[in-house]
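Written below as structure tokens is the structure these notes are about.
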Number of protein chains: 2
Amino acid sequence: MTPDTPDPLDVTARTRLRRHAERGHHDRATIDAILDEALVCHVGFAVEGRPWVVPMLHGRDGDRLYLHGAVGNHLLRSLATGVEACATVTLIDGLVLARSAFHHSVNYRSVMVFGTPWLVDDDQEKRAALDVIVDHVLPGRADDSRPASPRELELTTVIGIPITEASAKIRTGGPVDDEEDVALGHWAGVLPLELRAGEPIPADDLADDVVLPAYLADPRRPGSGR
Amino acid sequence: MTPDTPDPLDVTARTRLRRHAERGHHDRATIDAILDEALVCHVGFAVEGRPWVVPMLHGRDGDRLYLHGAVGNHLLRSLATGVEACATVTLIDGLVLARSAFHHSVNYRSVMVFGTPWLVDDDQEKRAALDVIVDHVLPGRADDSRPASPRELELTTVIGIPITEASAKIRTGGPVDDEEDVALGHWAGVLPLELRAGEPIPADDLADDVVLPAYLADPRRPGSGR
């Protein structure tokens with residue numbers, strides 16, 4: 001379904017970067033890589049005209065961004081009624097420390113996706129979307145867990161947002177100080193930041209003979225840097 | 001200005017938790033601790049009736065959440081015109097792996113703040129707010145950098161959001177599997193996640209005699225767990 005090298009997205013009034021336009025990207029490879037590495041997205045939309053921003057786990061299949069939640073979730077229900085949404089993911093790669101407070105910054109990679117979610121009501125697409133979300137959070141896990149029963153599928157709402165109007169914004173590199181500040185004596189540079197995994201904590205009721213799966217062995221957040 | 005033990009916030013239609021109400025908190029100590037630990041917040045608001053979610057660095061002073069950006073930033077300008085906003089921060093503490101895909105979850109701490117931002121136009125409050133934001137990102141840094149010049153202050157927009165309508169939501173602990181799934185043989189438990197700092201990278205133009213400050217020596221994200 002997805003071509004190997006999708007065309008760059010059209011730039012719209014919402015996805016044209018106005019400030020630091022040089023940090024903007026509209027090619028799908030850049031956008032997809034950030035969406036795939038980010039664990040959580042923040043989804044904004046209006047309920048009765050008032051803004052909400054809800055953190056949600058997501059997954060991507062080609063040009064579809066999938067979100068899910070409990071059928072009873074009133075925010076998710078609102079999202080599935082044809083309202084517009086903006087889903088934003090942000091990876092923080094480091095703190096950029098300049099000599100001047102003014103030139104402090106962060107290195108980051110972020111994506112905004114604008115679109116109107118649709119309700120995924122086809123059971124086959126719904127199951128595939130849930131696998132995509134589980135494997136997004138932890139690659140390999142969908143095959144190593146019990147799939148949803150028909151009843152569990154009924155209790156789960158899945159929505160999709162088309163990745164057709166989106167932009168990425170990326171800052172990299174060190175601080176950029178004014179020339180007259182360089183000699184001030186404050187330390188300057190970058191403090192790299194990374195989401196890392198600790199030691200897996202077995203469930204209280206885990207049998208002794210269950211082996212830790214290989215996909216849990218990498219101390220980086222599994223899935224990052226794919 | 002802030003009492004030592006602020007009263008819990010009133011619960012409103014927006015901050016009453018409907019799903020997993022046991023995960024909800026409205027006391028200021030819990031809300032403030034999450035706001036202070038989170039590096040970035042996602043701010044949602046409408047521009048010409050359409051939703052935006054923008055990642056921003058924040059800082060907190062008592063019951064004020066401060067955000068800042070360039071004067072020319074059109075999104076920040078929109079925010080300062082009396083529109084309603086929802087600022088959400090999310091800390092992911094771990095992946096919760098159950099035997100069933102359905103019972104997978106994440107351990108997290110999140111806060112939503114609802115409010116109408118005001119433009120901070122008093123220079124003294126603006127300077128204090130910028131210090132709060134710098135020290136939020138990296139405690140101790142405001143005193144160890146050159147403060148904004150009058151011109152830099154002019155080029156910076158600062159807005160405040162009152163922390164008066166807000167809620168926190170927290171999930172902790174291991175997976176909760178259905179009884180009949182426990183023997184399935186899939187590994188179950190929690191994979192802890194943490195934002196960690198790497199080795200500081202000095203700026204290219206950093207003089208050899210500038211010493212690394214003590215506040216950069218902690219490998220955890222500085223400021224976390226305060």
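We name chains A, B, ... by the order of the sequence lines, and we start the count at 1 in each one. From a predicted model like this one, the values you see are computed outputs, not experimental measurements.
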- What part of A/Leu184 lies closer than 4.5 angstrom to a heavy atom of chain B: side chain, backbone, both or neither? side chain
- Item | A/His68 versus chain B, the contacting section by heavy-atom distance below 4.5 Å | neither
- Query: Relative to the ring of B/Phe114, is the ring of A/Trp52 parallel (under 30°), tilted (30 to 60°) or perpendicular (over 60°)?
  - Reply: perpendicular
- Which portion of A/Asp93 sits near chain B, non-hydrogen atoms under 4.5 angstrom: neither
- Under 6.0 Å from the CD atom of A/Gln124, do we count more than 12 heavy atoms belonging to anything else shown? no
- Message: A side-chain contact here means heavy atoms from C-beta on lying under 4.5 Å apart; do A/Arg50 and B/Glu84 qualify?
- Response: yes
- Closest non-hydrogen contact found for B/Pro175 with A/Ala203 is CG-CB, 3.9 Å
- Message: Tell me if the CD atom of A/Glu48 is crowded by more than 12 foreign heavy atoms within 6.0 Å.
- Response: no
- Task: Considering only heavy atoms and a distance below 4.5 Å, find which of B/Val134, B/Thr90, B/Asn73, B/Asp144 pairs most often with chain A.
- Result: B/Asp144
- Message: Within the 4.5 Å heavy-atom criterion, are A/Phe102 and B/Leu153 side-chain neighbours or not?
- Response: no
- Message: Pair B/Arg146, A/Arg99 - check side-chain contact (heavy atoms from CB on, under 4.5 Å), show working.
- Response: CA-CA 6 Å; B/Arg146 176 179 65 69; A/Arg99 282 81 169 185; 5.7 Å; no
- What distance separates A/His42 NE2 from B/Cys86 SG, expressed to the nearest 0.5 Å? 9.5 Å
- Query: Considering only heavy atoms, which portion of A/Val47 lies under 4.5 Å from any heavy atom of chain B: side chain, backbone, both, or neither?
  - Reply: neither
- Item | From CA spacing to verdict: side-chain contact (heavy atoms from CB on, under 4.5 Å), A/Glu199, B/Val190 | CA-CA 9 Å; A/Glu199 284 296 310; B/Val190 172; over 6 Å; no
- Message: Does B/Glu179, at its CD atom, have more than 12 non-hydrogen atoms belonging to other residues, nucleotides or ligands within less than 6.0 Å?
- Response: no
- Write down the atom of B/His104, the atom of A/Ser145, and the distance for their closest heavy-atom approach. CE1-CB, 3.8 Å
- So which heavy atom on A/Ala188 is nearest to which on B/Leu206, and how close? N-CD1, 3.5 Å
- Note on the structure: Looking only at heavy atoms, the pair that brings A/Val53 and B/Val43 closest together is CG2-C, 4.3 Å
- Between chain B and each of A/Pro147, A/Ala183, A/Gly44, A/Ala101, count heavy-atom pairs under 4.5 Å; write down the option with the most. A/Ala101
- Item | Flag side-chain contact, heavy atom, 4.5 Å: A/Pro200 against B/Trp187 | yes
- Task: Return the option, out of B/Val54, B/Val210, B/Asp177, B/Ile201, with the maximum number of heavy-atom pairs under 4.5 Å with chain A.
- Result: B/Ile201
- Under 4.5 Å to a heavy atom of chain B? For A/Arg141 that would be side chain
- One option among B/Leu97, B/Val106, B/Leu57 has the most heavy-atom pairs under 4.5 Å with chain A, and it is B/Leu97
- State the CG-CG distance between B/Leu195 and A/Leu193, to the nearest 0.5 angstrom. 5.0 Å
- Looking only at heavy atoms, which two atoms of B/Pro55 and A/Thr88 are closest? And how far apart? CD-CG2, 3.9 Å
- Message: Using a 4.5 angstrom heavy-atom cutoff, name the option from A/Glu152, A/Lys169, A/Met112 with the most pairs to chain B.
- Response: A/Glu152
- When only pairs under 4.5 Å are counted, which of B/Ala98, B/Ala148, B/Ala46, B/Ala142 shares the most heavy-atom pairs with chain A? B/Ala98
